[in-house]
Amino acid sequence: MSDERPQKPSLDKPSPDGPSLEKAAAPARPEAAVPAMRASDADRERVVERLRDAVAEGRLDMEEFGERLEAAYASRTYAELEPLTRDLPPVPGSALPGAAPATAPAPGAAAWPGRIGGTGTSSTAVAVMSGFQRKGRWVVPARFNAVAVWGGGDLDLREADFAEPEVVITCVAIMGGIQITVPPGVQVDVRGIGIMGAFDHSGTQTVPQPGAPRVIVNGLAFWGGVEVRTKAPKGSKPLGGEKPRKEL
């Protein structure tokens with residue numbers, strides 16, 4: 001009977017059957033050392049916008065939207081955000097059957113990149129037993145404050161430029177009213193609080209266009225109201241031809 005015992009494979013020298021155990025384990029070290037990439041507030045908001053588009057297109061019901069929305073705001077890393085939109089198309093609304101041409105819903109969609117950037121025209125508007133108005137060509141700053149006390153205000157953003165891709169309009173309406181008009185394609189997020197008053201978003205709700213700004217409306221309405229409406233710019237012509245002129 002032989003006294004020979006099988007030798008253990010060396011960790012330094014390669015065995016005849018393949019690489020050593022030390023080398024085989026080496027590729028796993030860099031992967032384990034990579035930390036989970038943290039997600040920013042902007043990353044979470046992009047996912048939330050994608051989910052809202054999916055609801056508008058009928059891809060998600062409200063129950064699914066609510067679950068994913070809660071998960072999106074609770075996510076801390078990209079790995080937690082990625083599954084929330086994994087089953088959605090890369091560009092929301094781009095492959096819908098029978099969709100109208102891109103120029104039909106908003107003739108000025110291609111101009112959005114040229115309308116973002118610059119210095120705000122003004123950052124505050126106040127009306128006390130009076131009124132204020134901002135309309136036509138003006139630059140909406142990243143933060144705008146509007147106050148109406150026993151008065152009214154009108155903010156028309158249809159022909160305006162935007163200092164930033166996201167602007168915040170804070171409204172305070174006390175026994176008064178403020179009306180904000182935005183063009184189609186702009187995403188609107190209304191977060192105001194009404195006490196014996198209301199924040200209302202009316203008009204045709206449209207899917208946000210790529211490159212269009214986002215308008216966040218918050219604040220307080222006490223015995224007053226803040227109305228946000230989506231409306232096409234004045235003078236926009238129908239696709240069929242020119243608007244007929246009125247005879248004087």
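Only heavy atoms go into these numbers, but all of them, side chains included; no hydrogens, no water, no symmetry mates. From a predicted model like this one, the values you see are computed outputs, not experimental measurements.
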Tell me the closest heavy-atom pair linking [X] and [Y], and the distance in Å.
| X | Y | value |
| --- | --- | --- |
| Gly185 | Ala212 | O-CB, 3.3 Å |
| Gly176 | Ala173 | O-CB, 3.7 Å |
| Gly211 | Ile116 | O-CD1, 3.3 Å |
| Gly118 | Val139 | C-CG1, 4.4 Å |
| Val188 | Val182 | CG2-CG2, 3.6 Å |

- prompt: Out of curiosity, Arg44 CZ to Tyr73 OH, how far, rounded to the nearest 0.5 Å?
  reply: 9.5 Å

task: Could you tell me which residues satisfy side-chain hydrogen bond (donor to acceptor under 3.5 Å, both in side chains) with Ser40, sequence neighbours excluded, listed by chain and number?
output: Asp43

field: All side-chain hydrogen bond (donor to acceptor under 3.5 Å, both in side chains) counterparts of Gln187, not counting sequence neighbours
entry: none

Side-chain heavy atoms under 4.5 angstrom apart, residues restricted to Ile, Leu, Val, Met, Phe, Trp, Tyr: same cluster for [X] and [Y]?
| X | Y | answer |
| --- | --- | --- |
| Leu69 | Leu84 | yes |
| Ile174 | Val128 | yes |
| Phe199 | Ile195 | no |
| Met129 | Trp223 | yes |
| Leu220 | Val228 | no |

message: Using the rule given for side chain to side chain contact (heavy atoms under 4.5 Å, CB included), can you reason through Trp138 versus Glu159, listing the C-alpha separation, both sets of side-chain angles and the distance that settles it, and then say yes or no?
response: CA-CA 8 Å; Trp138 65 293; Glu159 298 178 15; over 6 Å; no

Flag side-chain contact, heavy atom, 4.5 Å: Trp112 against Gln209: yes

message: Between Val140 and Leu157, is there a side-chain heavy-atom distance shorter than 4.5 Å?
response: yes

Set of side-chain contact (heavy atoms from CB on, under 4.5 Å) partners for [X], sequence neighbours left out:
| X | value |
| --- | --- |
| Asp61 | Glu63, Glu64 |
| Thr85 | Val47, Arg50, Leu51, Leu88 |
| Arg158 | Asp156, Thr181, Pro183, Lys231, Pro233, Lys234 |
| Thr77 | Ala36, Ala79, Glu80 |

Residue pairs, two or more places apart or on separate chains, that pass salt bridge (charged side-chain N to carboxylate O under 4.0 Å, His left out) and touch [range]:
| range | result |
| --- | --- |
| residues 177-188 | none |
| residues 117-130 | none |
| residues 128-142 | Arg137-Asp161 |
| residues 66-79 | Arg68-Asp87 |

List, one per line, each side-chain donor-acceptor pair under 3.5 Å for residues 163-172, sequence neighbours excluded.
from, atom 1, to, atom 2, distance (Å)
Glu166, OE1, Arg214, NH1, 3.1
Thr170, OG1, Asn218, OD1, 2.9

message: Between His201 and Arg229, is the side chain to side chain contact (heavy atoms under 4.5 Å, CB included) condition met? List the steps.
response: CA-CA 5 Å; His201 185 195; Arg229 60 177 183 172; 5.7 Å; no

- prompt: Stepwise, does the side chain to side chain contact (heavy atoms under 4.5 Å, CB included) test hold for Asp189 with Arg52?
  reply: CA-CA 11 Å; Asp189 189 354; Arg52 287 173 179 156; 3.9 Å; yes

Under 3.5 Å, sequence neighbours excluded: what are the donor-acceptor pairs made by side chains of residues 142-152?
none

task: Would you check, one step at a time, whether the test side chain to side chain contact (heavy atoms under 4.5 Å, CB included) holds for Ile216 with Arg191?
output: CA-CA 7 Å; Ile216 299 175; Arg191 306 176 181 176; 3.8 Å; yes

